[in-house]
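Here's the structure, in structure tokens; my notes come after.
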Protein chains: 2
Amino acid sequence: MRRTLKDVADKAGVSRSAVSRAFTEGASVSPEMRRKVLKAAHELGYSPNALASSLTTGRTKLVGLVSNNFRNPFFLEVFDLFTKELQDAGLRPLLVNLSNETEPQDSLRMMQQYSVDGVILASSTLPVGFARAFRDAGMPIVHAFGRFSGRPQVHVVGIDNVEAGRMAGRTLAERGYRKVTFLAGPEAATTTQDRLQGFREEMSRHPEIETDVAFGEAYSFVAGRTTMLDLIRHPMAEAYFCGDDVLSIGALSALREHGIRVPDDVGIIGVNDMEMSSWELIDLTTIRQPIRPMIRSAVDLMASILYDEDAVPEARLFSCDLVERGTLRPIPKG
Amino acid sequence: MRRTLKDVADKAGVSRSAVSRAFTEGASVSPEMRRKVLKAAHELGYSPNALASSLTTGRTKLVGLVSNNFRNPFFLEVFDLFTKELQDAGLRPLLVNLSNETEPQDSLRMMQQYSVDGVILASSTLPVGFARAFRDAGMPIVHAFGRFSGRPQVHVVGIDNVEAGRMAGRTLAERGYRKVTFLAGPEAATTTQDRLQGFREEMSRHPEIETDVAFGEAYSFVAGRTTMLDLIRHPMAEAYFCGDDVLSIGALSALREHGIRVPDDVGIIGVNDMEMSSWELIDLTTIRQPIRPMIRSAVDLMASILYDEDAVPEARLFSCDLVERGTLRPIPKG
DNA sequence: AAATTGTTTGAAACCGGTTGCAAGAATCTG
DNA sequence: CAGATTCTTGCAACCGGTTTCAAACAATTT
């Protein structure tokens, strides 16, 4: 049976309040009392019940980590960093796998039942409304990899996806590709929409370049592969901007299967720069999201809004950069 | 402000006990009372506070999901399945990232502070002692991908790694390889030890085959690659049995970098069969762990031992099978 | 009609902590 | 040294639920 505060109080011969205070930083206790209590607690192997105390304090230090990207290797890195950073900040991640579900109400209710202090939404595909449902219920929320907007509706940490689209377009244009296709993620995903917008903007500055779009079913290998297999049956573009790295790898796979050489016959550029993209077998040229600082920042932001009722929504944007590897041809001389 | 049981009781004009009972399956309440209460609750948007009730019931339905494998893509699939299955079983995963740490005490204490009902340890590298520390503290634990032993000390769900080692050896022998090396995971990992044992057992039946071992620093791409780069500088084997798929991919990468063709020049066989191994770019021959049924079984097992004090440790073993793809040469005719 | 049994309900105690309050002890002030 | 001030401590109420118990009531038996 686990020891309780009362056991410690009895053993140390003090009141229960005294024990409680001994474990509370900054509480009004004499050093002597604290020593006595901690000694007794140690001897009994007592540690306070965080959930019981949450009843009165109203804080659990539990944070919902909600995602629907459990098939994208990029998100393994995301989970690794989030769990580490949250732990370091004294918070505990309660993991929620959204898989197919896109109705926020059920998740919201579950989070409320477990009295999480806040929610981190780690998803690049869910609409803003999803995060907003949490905010509307008064739940502190940070949307990581969410959509940026001039007047953010919830706290967002991410990149400017429109700019990422522009960067992709610029990169392809610079290398002299004249016919390019955006092999995008799901049409409904905000990242898809934004990157498409940026890509088109940039392309409108190069009227000599023929531009097209195709949508994948998901950010997944299979989607990248099947979409590319489909594209192969039509007249091919010279280069493909893929919605993310895992789509790129699927596309690469389809191309190699058909003996189409990369980058000699067609070029590929992705987004994310997950660890795997640097593997020599893959060697993908891609637009890098700086996830370390992003995630650190998301956790900081969460920590700062947790107990601050009227924090005003803030967007923290990070800039991407191009990581040149072996799937695009070099910039032509002169 | 969140609604409480009292709000509902007031609104419905009944006692607090009545409200509590209305939300408890099988409690002694008249249908009429229940209807009245649920109606009031619905109107107020009330949902019970799971943590408050855990105080009296002693059950939180929280399950610690503890792992130190956050860099191995195989485990993304593992997390995906575990979170889904746990959710379906009405349990909530509290994720713990062990990263470097290997002392169970801190994690144990954290789990106790949050009153988790049980712990699932998802790791193929931690020693049995780690799981035992939880058991000794009276914490229900299931070690997934843990070490099998004739008399299990904690509940284990896994494969027979000795048999997997034998299977690898047999597979290589059948294909006529005469010089083989086990490119293993970390020397201290139980999986390494067991697979090595099985591999050696099988090889002792083929004295004509020359056998060797090398250890990687981790189950990771980088470890596979650097270990293989090192092996390349010495006289090479004809085939390599790699400790897992991600090691295999690292090894493949090193080989291709050096223009060594697979399977023409050397063969590679891995363990796990993660999704990625079937990608055409990789096309890895490997020994498949049936993780879907394994994880389902682990969650069932957890559910069954959660509230059963004296469940006796049980090992649930699953059998592996060979998935033939393109990194081993075929069985010679005749 | 009385006695027995079963069902439904509310009061009150409890789960393991925290905290406002007041009283007592210790320290400071002039 | 008396009086004012600050620290320290225990009591008791409370957080949001559950559960034991006994009372009230209904249904059944004799």
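Chain identifiers are assigned alphabetically (A, B, ...) following the order of the sequence lines, protein sequences preceding nucleic acid strands; residue numbering begins at 1 within each chain. Atoms considered below: every heavy atom in the structure, side chains included; atoms not considered: hydrogens, waters and symmetry mates.
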*Using atom CG of A:L5 as one end and atom C1' of D:dC14 as the other, report the distance to the nearest whole Å.*
15 Å

*Which is true for B:S30 with a 4.0 Å heavy-atom rule: it touches a base, it touches only sugar-phosphate, or it touches nothing?*
sugar-phosphate

*For A:P48 and B:R16, take the nucleotide of DNA chain C holding the closest heavy atom to each; which residue's nucleotide lies nearer the 5' end?*
B:R16

*Salt-bridge test for A:K6 and A:D10: reply yes if a basic N is under 4.0 Å from a carboxylate O, no otherwise.*
yes

_Using a heavy-atom cut-off of 4.0 Å across all strands, would you classify B:T4 as base, sugar-phosphate, or nothing?_
sugar-phosphate

_Using whole Å, what does the distance between atom P of nucleotide D:dG17 and atom CG of A:N49 come to?_
16 Å

*Test for a donor-acceptor pair under 3.5 Å between the base of D:dG10 and the side chain of A:R21, counting only N and O atoms.*
yes

*Under 4.0 Å between any heavy atoms, over every strand shown, what does B:F23 touch: base, sugar-phosphate, or nothing? Just pick one.*
nothing

*Think B:S53 has a side-chain N or O under 4.0 angstrom from the OP1 or OP2 of D:dG17?*
no

*Using a 4.0 Å heavy-atom cut-off across all strands, classify A:S20 as base, sugar-phosphate, or nothing.*
base

_Quick check on DNA chain C: between B:T56 and B:S15, whose nearest nucleotide comes earlier from the 5' end?_
B:S15

_Could you check whether A:K61 pairs with A:D117 (Lys NZ or Arg NE/NH1/NH2 to Asp/Glu carboxylate O, under 4.0 Å)?_
no

*From the options A:S107, A:S123, A:S67, select the one residue that forms a side-chain contact (heavy atoms from CB on, under 4.5 Å) with A:L98.*
A:S107

*For the pair made of OH in A:Y114 and P in D:dG17, what is the distance, rounded to whole Å?*
13 Å

*Considering only heavy atoms of chain A and a distance under 4.0 Å, specify the first and last nucleotide of DNA chain C in 5' to 3' order that meet this criterion.*
C:dG16 to C:dG20

*With the threshold set at 4.0 Å, does a side-chain nitrogen-carboxylate oxygen contact exist between A:D80 and B:R71?*
yes

*Rounded to the nearest angstrom, tell me the gap between atom CD in B:E25 and atom P in D:dT19.*
14 Å

*Could you state the interatomic distance from OG (A:S47) to CZ (B:R109), rounded to the nearest 0.5 Å?*
4.5 Å

*Please say whether more than 12 non-hydrogen atoms of neighbouring residues, nucleotides or ligands are located less than 6.0 Å from CZ in A:R34.*
yes

_From NZ of B:K6 over to P of D:dT18, roughly how many Å is that when rounded to an integer?_
16 Å

_By the 4.0 Å heavy-atom rule, please label A:V29 as base, sugar-phosphate, or nothing._
sugar-phosphate

For residues 127-138 of chain A, which side-chain donor-acceptor pairs fall under 3.5 Å, sequence neighbours excluded?
{"unit_1": "A:R132", "atom_1": "NH1", "unit_2": "A:Q153", "atom_2": "OE1", "d": "2.8"}
{"unit_1": "A:R135", "atom_1": "NH1", "unit_2": "A:Q153", "atom_2": "O", "d": "3.0"}

